[in-house]
Colleague: 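Take a look at this one; I'll ask things after.
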Amino acid sequence: MTDATPADRATTGPFDDSEANPVRPYIDLGGIKILPREGLNLRLEVEEQTKRIVAVGLDYAESTLQVQPFAAPRSSGLWEETREQIREQVRTQGGRVEEREGPIGPELLAEVPVAAADGSTGKRLARFIGVDGPRWFLRGVIGGAGASDADAAAKVEDLFRSIVVVRGGSPMPPRDLIPLKMPATPGSA
């Protein structure tokens with residue numbers, strides 16, 4: 001357990017596969033399982049060259065939540081180190097970032113410069129959240145209303161907490177993305 005692991009993670013989520021309710025109708029994406037809910041739209045983000053699924057995008061409550069599960073060492077979590085890397089990245093891009101204590105633990109609120117289609121630049125607000133679980137780390141990036149609006153944020157945080165991480169038993173180097181896969185089409189199992 002690390003300082004980035006909420007003390008109540010096992011009961012409030014995100015959950016380890018061993019803690020998930022087996023009768024709930026999860027959408028199985030390999031490394032994570034998502035509980036379907038009204039108004040939730042799911043996108044898989046695929047790396048062009050390798051055709052590997054690198055993230056899951058969830059559109060919900062006028063927000064976007066991008067999630068990625070990573071393998072983590074047994075002894076320590078990755079969130080602290082990952083926050084440092086994100087801070088560095090945002091600053092390099094000319095953005096601003098502040099760390100704060102969020103409902104799920106330490107999080108980063110970042111203002112990232114973005115180029116608009118007309119060539120002008122604006123700022124995009126993004127919240128980086130993360131939780132260290134048993135031998136895994138789940139990272140989330142919240143955009144849209146959930147980055148600034150309290151009601152939308154609460155809905156997106158609830159969605160993040162409902163995610164189940166399936167680490168699997170095979171050895172994996174820490175920081176490796178836990179493999180994601182296309183969900184099976186209902187009825188084709």
Colleague: Honestly curious: do Leu180 and Trp136 fall in one hydrophobic cluster under the side-chain, below-4.5 Å linking rule?
Modeller: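 As far as the 4.5 Å side-chain criterion goes, Trp136 and Leu180 are connected within one cluster.
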Colleague: Show which side-chain atoms of residues 64-71 pair as donor or acceptor with protein atoms under 3.5 Å away, not counting sequence neighbours.
Modeller:
unit_1 : atom_1 : unit_2 : atom_2 : d
Gln66  : NE2    : Glu45  : OE1    : 2.9
Gln68  : NE2    : Val54  : O      : 2.9

Colleague: Start with the C-alpha gap between Glu111 and Arg124, add the side-chain angles, then the distance that decides, and say whether salt bridge (charged side-chain N to carboxylate O under 4.0 Å, His left out) holds.
Modeller: CA-CA 6 Å; Glu111 266 188 3; Arg124 198 187 70 202; over 6 Å; no
Colleague: Does the Asp28 side chain pair with the main chain of Pro183, one donor and one acceptor, at a distance under 3.5 Å?
Modeller: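 No, because the side chain of Asp28 does not come within donor-acceptor range (under 3.5 Å) of the backbone of Pro183.
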Colleague: Under 3.5 Å, side chain of Lys51 to main-chain N/O of Glu48, donor-acceptor pair present?
Modeller: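 Judged by distance alone, yes, a pair lies under 3.5 Å.
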Colleague: My understanding is that only residues two or more places apart in sequence, or in another chain, count here; which of them pass ring-ring contact (aromatic ring centres under 6.0 Å, His included) with Phe137?
Modeller: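 Here the qualifying residues are Trp79.
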Colleague: Any donor and acceptor pair, going by atom type alone, linking the side chain of Thr92 with main-chain N or O of Glu88 inside 3.5 Å?
Modeller: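 Side chain of Thr92 to backbone of Glu88, a donor-acceptor pair under 3.5 Å: yes, one is there.
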Colleague: Give a yes or no on whether a salt bridge exists between Glu99 and Arg87, defined as a side-chain N under 4.0 angstrom from a carboxylate O.
Modeller: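 Yes, Glu99 and Arg87 are salt-bridged.
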Colleague: Going by heavy atoms in the side chains, are Arg9 and Val131 under 4.5 Å from each other?
Modeller: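 Result yes, sub-4.5 Å side-chain heavy-atom pair found.
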Colleague: Nearest heavy-atom pair of Leu44 and Lys181: which atoms, and what distance?
Modeller: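 Closest approach of Leu44 to Lys181: CD1-O, 4.4 Å.
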Colleague: Considering all heavy atoms of both residues, which atom of Gly146 and which atom of Ala152 are nearest to each other, and what is their separation?
Modeller: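 Heavy-atom minimum between the residues: N-CB, 3.8 Å.
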Colleague: Taking the side chain as everything from C-beta on, heavy atoms only, tell me whether Ile129 gets closer than 4.5 Å to Ile142.
Modeller: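 They are in contact (side-chain heavy atoms under 4.5 Å apart), so the answer is yes.
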Colleague: Does Glu19 use its side chain to pair, donor to acceptor, with the backbone of Asp16 at less than 3.5 Å?
Modeller: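 Yes.
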Colleague: Mind running side chain to side chain contact (heavy atoms under 4.5 Å, CB included) on Lys33 and Asp17 for me, showing each step along the way?
Modeller: CA-CA 9 Å; Lys33 292 180 186 172; Asp17 195 30; 3.3 Å; yes
Colleague: Under 3.5 Å, sequence neighbours excluded: what are the donor-acceptor pairs made by side chains of residues 158-167?
Modeller:
unit_1 : atom_1 : unit_2 : atom_2 : d
Asp158 : OD2    : Arg37  : NH1    : 3.0
Arg161 : NH1    : Thr12  : OG1    : 2.9
Arg161 : NH2    : Pro103 : O      : 2.8
Ser162 : OG     : Arg37  : NH2    : 3.2
Ser162 : OG     : Leu159 : O      : 2.7
Arg167 : NE     : Arg135 : O      : 3.1
Arg167 : NH1    : Ser170 : O      : 2.9

Colleague: In the single-linkage hydrophobic clustering (I, L, V, M, F, W, Y; side-chain heavy atoms under 4.5 Å), do Phe15 and Val156 co-cluster?
Modeller: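 No: no chain of side-chain contacts under 4.5 Å links Phe15 to Val156.
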Colleague: Can you see which heavy atom on Pro25 is nearest to which on Leu35, and at what distance?
Modeller: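 For Pro25 versus Leu35, the nearest heavy atoms are CD-CD1, 4.2 Å.
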Colleague: Hydrophobic clusters here meaning ILVMFWY residues chained together by side-chain heavy-atom distances under 4.5 Å, can you tell me if Leu40 and Ile27 are in one?
Modeller: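 Looking at the clustering, Ile27 is in the same group as Leu40.
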Colleague: If you take all heavy atoms of Leu109 and Ala147, which pair is closest and at what distance?
Modeller: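 Minimum heavy-atom separation between Leu109 and Ala147: CD1-O, 3.9 Å.
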Colleague: Regarding Glu47 and Thr50, is there a side-chain donor-to-acceptor distance under 3.5 Å anywhere?
Modeller: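 There is such a pair between these side chains.
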Colleague: Taking atom CZ as the centre, does Arg96 end up with more than 12 heavy-atom neighbours from other residues, nucleotides or ligands that are less than 6.0 angstrom away?
Modeller: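 At most 12 heavy atoms, drawn from other residues, nucleotides or ligands, come within 6.0 Å of this atom.
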Colleague: Would you indicate whether the side-chain heavy atoms of Thr82 and Arg139 approach each other to under 4.5 Å?
Modeller: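 Contact flag for Arg139/Thr82 side chains = yes.
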Colleague: Considering only heavy atoms from C-beta outward, does the side chain of Arg127 approach that of Leu108 to under 4.5 Å?
Modeller: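 With C-beta onward as the side chain, the pair stays apart.
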Colleague: Could you tell me the separation between the CD1 atom of Ile34 and the CG atom of Leu58, rounded to the nearest 0.5 Å?
Modeller: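 Between Ile34 CD1 and Leu58 CG, I get 4.5 Å after rounding to 0.5 Å.
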Colleague: I'd like to know whether CD of Glu62 has more than 12 heavy-atom contacts from other residues, nucleotides or ligands below 6.0 angstrom.
Modeller: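 Not buried by this count: 12 neighbours or fewer within 6.0 Å.
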Colleague: Contact between Arg91 and Val97 at the side-chain level, heavy atoms closer than 4.5 Å - yes or no?
Modeller: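 Answer yes - side chains close enough.
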Colleague: Determine the minimum heavy-atom distance between Pro179 and Met172, stating which atoms define it.
Modeller: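 Closest heavy-atom pair between Pro179 and Met172: CD-CE, 3.9 Å.
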Colleague: Taking all non-hydrogen atoms of both residues into account, name the closest pair between Glu38 and Tyr60 and its distance.
Modeller: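 Glu38 and Tyr60 have their closest heavy atoms at O-CE1, 3.3 Å.
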Colleague: Below 4.5 Å, heavy atoms only, C-beta onward: do Glu107 and Glu101 meet side chain to side chain?
Modeller: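 Glu107 does not reach Glu101 side chain to side chain.
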Colleague: According to a 4.5 Å side-chain heavy-atom criterion applied to Ile, Leu, Val, Met, Phe, Trp and Tyr, with indirect links allowed, do Val90 and Val114 form part of one hydrophobic cluster?
Modeller: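 Shared cluster, no.
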Colleague: For Lys155, I'd like to know if atom NZ has over 12 heavy atoms of other residues, nucleotides or ligands within 6.0 Å.
Modeller: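 Counting other residues, nucleotides and ligands, NZ of Lys155 stays at 12 neighbours or fewer.
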Colleague: Say whether, by atom type as modelled, one donor and one acceptor occur between the side chain of Ser63 and the main chain of Ala61 under 3.5 angstrom.
Modeller: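 Checked: pair present.
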